[in-house]
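These notes are about the structure you will find just below.
The chain is numbered in sequence order, starting from 1. Numbering of ligands and ligand atoms starts at 1, following listing order.
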Amino acid sequence: MIKVTVWNEFYHERTEENIKAVYPDGIHAAIAGFLGKNDDIVCRTATLEDPECGLTQDVIDDTDVLIWWGHMRHGEVPDSVVERVKTAVHAGMGLIVLHSGHHSKIFRALMGTPCNLSWRENGDMERVWTVDPSHPIAQGIGRYFELEHEEVYAEPFSIPNPDELVFAGWYEGGELFRSGCCYKRGYGHIFYFQPGHESYPTFYNENVQRIITNAVRWAKPDFRKVIDCPNVSKIETKA
Ligand code: ZN
């Protein structure tokens with residue numbers, strides 16, 4: 001079984017009625033709901049206001065893939081929790097960062113760049129293009145699919161060049177964005193996926209659900225190992 005922890009800031013859904021109407025139990029519950037239907041995936045959830053953000057060392061040690069959604073309160077995630085997650089990713093834990101998680105402390109720490117972008121929220125349609133149909137995360141996805149409404153995230157997106165670019169988004173306002181980006185940091189696999197604005201039902205879209213499910217299987221570690229720094233003896237010796 002792949003052990004997934006879905007982390008959500010869980011703020012908009014409690015404070016804004018129109019967002020509560022879309023995700024009454026929170027974005028984390030919606031994501032855990034569709035992932036949990038798979039026989040090979042077991043989910044738990046964690047939120048900002050849980051003790052230690054719900055990401056204690058025991059939880060992290062028992063997590064194969066961590067999914068991250070945050071927006072307004074990135075700064076309230078303690079640096080000690082960010083460091084714990086970063087260490088786990090380096091040792092092999094998978095990380096899937098969704099939408100406005102582009103500005104989370106953990107994503108910025110792992111990318112090493114500002115991760116800034118241009119944005120606009122006016123209900124544009126997004127057409128998500130499959131750039132790399134051979135990629136495991138793209139399996140079951142067509143040439144493209146459309147989201148009736150999404151927040152516009154536009155280039156330039158100040159990330160390191162992705163190791164693999166799987167999806168690109170086009171918006172009816174004319175913008176373009178690298179919307180599905182893969183990285184490896186240490187032994188850990190990271191996938192950034194742009195759709196998922198809180199006021200739209202994006203996480204109920206079957207293509208989005210397929211992509212996140214594929215990403216969980218792709219990011220699952222084959223092993224966990226702390227990257228150490230040993231002093232070693234030479235291998236070749238003269239007779
Ligand atoms: Zn948004």
Side-chain angles (χ1 to χ4, degrees), residues 6-35 45-49 53 66-77 82 95-111 113-129 145-159 162 165-181 190-212 215:
V6 184
W7 191 89
N8 181 19
E9 182 178 276
F10 196 29
Y11 177 64
H12 293 290
E13 305 97 312
R14 292 184 296 127
T15 57
E16 296 170 63
E17 287 302 323
N18 63 317
I19 292 162
K20 193 186 293 183
V22 182
Y23 297 109
D25 299 316
I27 285 172
H28 53 301
I31 294 171
F34 72 76
L35 282 177
T45 61
T47 65
L48 177 65
E49 294 188 3
C53 299
L66 176 63
I67 297 179
W68 195 281
W69 196 103
H71 180 216
M72 297 296 289
R73 299 172 68 184
H74 295 310
E76 295 177 42
V77 178
V82 176
L95 178 67
I96 298 171
V97 176
L98 299 171
H99 188 60
S100 41
H102 72 95
H103 261 175
S104 61
K105 286 184 182 179
I106 183 58
F107 189 60
R108 285 173 143 173
L110 286 163
M111 295 298 107
T113 57
C115 302
N116 288 338
L117 47 80
S118 304
W119 62 281
R120 182 180 67 250
E121 189 186 349
N122 66 339
D124 276 37
M125 180 271 283
E126 179 180 5
R127 184 172 295 138
V128 181
W129 284 90
F145 66 94
E146 294 177 349
L147 298 167
E148 188 178 2
H149 302 293
E150 247 308 330
E151 182 176 14
V152 173
Y153 275 13
E155 298 286 344
F157 185 19
S158 58
I159 48 173
L165 180 65
V166 189
F167 300 104
W170 175 89
Y171 305 86
E172 63 180 308
E175 285 87 355
L176 183 74
F177 193 69
R178 288 170 288 173
S179 56
C181 305
I190 301 169
F191 181 59
Y192 172 78
F193 190 50
Q194 157 268 318
H197 186 64
E198 65 274 5
S199 61
Y200 304 127
T202 300
F203 293 115
Y204 301 117
N205 178 281
E206 62 178 10
N207 288 293
V208 169
Q209 293 185 355
R210 172 70 75 100
I211 287 166
I212 294 172

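In this structure, the side chain of Trp69 engages the main chain of Gly196 through a donor-acceptor pair within 3.5 Å. Glu198 places no side-chain N or O within donor-acceptor distance of the main-chain N or O of Glu13, the cut-off being under 3.5 Å. A distance-only check finds a donor-acceptor pair linking the side chain of Asp124 to the backbone of Gly173 [under 3.5 Å]. Judged by distance alone, with hydrogens and angles left aside, the side-chain atoms of Arg73 form no donor-acceptor pair with the main-chain N or O of Tyr11 at under 3.5 Å.
Here the protein contributes His99 NE2, Glu151 OE1, His197 ND1 as N, O or S atoms under 2.8 Å from the Zn ion (ligand 1).
Ring planes of Tyr153 and His99: parallel class, angle under 30° (limits at 30 and 60°).
For Glu150, the side chain to side chain donor-acceptor pair (under 3.5 Å) partners two or more places apart in sequence, or in a different chain, are Thr202.
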